[in-house]
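Down below is the structure, laid out as C-alpha cells.
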Amino acid sequence: MKSITSKQTAFVGNILTTIMVAFMGTINIINNLYSFAGYSPFVIALMGIVAMSVYPALEWVAYSRIGKRGGKWWKLFLLVMGILSIFHSYSSLGNILVFSFRIIIGICYIFTFFLKDTKLSSNSN
C-alpha cells in the first residue's frame, strides 16, 4: 500500500490555491477595476495579479524545496499558511466554494507538515 507523502499534499494544496487565485482573483480584479479612478485598467489588473501571486509563488517554492536541504523550514511555512488559510476561510462564509477551497487547502498544508517527505517502502514476502 502506498502512503501519502508531504510532497503530494503540498502539490494538491498548491494546485487548489492556483485555481482559486486564477478564478476568484480575476473576478475580484474585474469587480474593482473602476474603483481606482485615474489608473488605466491594465495597470490595475497588473497590480492585482502581482499582489495575488506573491503567496502562491512562495507556496510553489516551498513545494519544490520539500525533501531537500532546508525543506523543514518550508514545511513550517506551509503549516503557517495552512492555519492562516483555515482562519481566512471564515471570512468567505457567503461563498461556499471559496470557503471549501480554503478549508481543503489549509488541511493539505497542515498535513504537509506532519507527513514524511519520502515514501516508505514496505517489503512483504
Side-chain angles (χ1 to χ4, degrees):
M1 174 181 252
K2 291 184 179 182
S3 62
I4 298 173
T5 65
S6 62
K7 194 132 178 146
Q8 291 170 335
T9 57
F11 182 73
V12 170
N14 284 344
I15 292 294
L16 293 176
T17 299
T18 303
I19 291 169
M20 189 177 72
V21 166
F23 290 121
M24 298 311 296
T26 304
I27 291 170
N28 286 338
I29 289 173
I30 291 170
N31 287 340
N32 295 318
L33 200 56
Y34 297 106
S35 62
F36 296 99
Y39 293 99
S40 73
F42 175 75
V43 171
I44 296 168
L46 184 63
M47 289 185 332
I49 290 169
V50 168
M52 290 182 311
S53 299
V54 172
Y55 287 123
L58 286 174
E59 291 165 355
W60 279 107
V61 169
Y63 164 75
S64 70
R65 298 299 304 166
I66 291 175
K68 297 178 182 170
R69 186 173 164 191
K72 66 180 179 179
W73 297 107
W74 286 106
K75 286 174 71 172
L76 182 63
F77 169 76
L78 288 177
L79 173 68
V80 171
M81 293 306 292
I83 293 168
L84 292 175
S85 179
I86 289 176
F87 284 141
H88 192 216
S89 68
Y90 292 104
S91 68
S92 307
L93 284 173
N95 188 340
I96 193 70
L97 184 63
V98 174
F99 175 78
S100 301
F101 263 66
R102 286 186 176 149
I103 291 288
I104 293 169
I105 290 166
I107 291 169
C108 286
Y109 287 159
I110 290 170
F111 279 159
T112 297
F113 183 76
F114 292 108
L115 293 174
K116 300 277 185 201
D117 290 338
T118 57
K119 294 179 184 175
L120 298 173
S121 61
S122 60
N123 295 333
S124 55
N125 292 5

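Hydrogens, waters and symmetry mates are skipped; everything else that's a heavy atom, side chains included, is used. Here the structure is a predicted model, which is why all the values come from computation and not from measurement.
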Discussion item. If I compare all heavy atoms of T9 with all of L115, which pair ends up nearest, and what's the gap?
Written reply: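 Smallest interatomic distance, heavy atoms only, reads CG2-CD1, 3.7 Å.
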Item to complete: Provide the full list of ring pair (Phe, Tyr, Trp, His ring centres under 6.0 Å) pairs with a residue in residues 89-109, sequence neighbours left out, each pair given once.
Response: Y90-F99
Practice prompt. Mind checking side-chain contact (heavy atoms from CB on, under 4.5 Å) for S91 and listing every partner two or more places apart, or none if nothing turns up?
Written response: H88, R102
Fill in: Residues which pass side-chain contact (heavy atoms from CB on, under 4.5 Å) with F23, listed by chain and number, not counting sequence neighbours
I19
Worksheet item: M81 versus I105: any side-chain heavy-atom pair under 4.5 Å?
Response: no
Discussion item. When you group the ILVMFWY residues by side-chain heavy-atom contacts below 4.5 Å and let the links chain together, are F77 and V12 in the same group?
Written reply: yes
Worksheet entry | Qualifying side-chain hydrogen bond (donor to acceptor under 3.5 Å, both in side chains) pairs with a residue from residues 75-87, counting only residues at least two apart or across chains |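 Sorted pair list: K75-D117.
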Practice prompt. Determine which pairs satisfy salt bridge (charged side-chain N to carboxylate O under 4.0 Å, His left out) with at least one residue from residues 48-63, sequence neighbours left out, and list them in order.
Written response: none
Discussion item. Within the 3.5 Å criterion, strictly below it, is a donor on T112 or S6 matched to an acceptor on the partner's side chain?
Written reply: no
Worksheet item: Side chains of W60 and T17: donor-acceptor distance under 3.5 Å anywhere?
Response: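 No, because no side-chain N or O of W60 sits under 3.5 Å from a partner of the opposite role on T17.
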Response to the item:
Contacts of F113 meeting ring-ring contact (aromatic ring centres under 6.0 Å, His included) (sequence neighbours excluded), chain-then-number -> none
Discussion item. Going by the rule side-chain hydrogen bond (donor to acceptor under 3.5 Å, both in side chains), which residues pair with W73 if we only count those two or more places apart in sequence or in a different chain?
Written reply: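 For W73, no residue satisfies side-chain hydrogen bond (donor to acceptor under 3.5 Å, both in side chains) once neighbours in sequence are set aside.
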Atom pairs and distances, side-chain donor-acceptor, residues 65-72, under 3.5 Å, sequence neighbours left out:
unit_1 : atom_1 : unit_2 : atom_2 : d
R65    : NH2    : R69    : O      : 2.8
K68    : NZ     : S64    : O      : 3.3

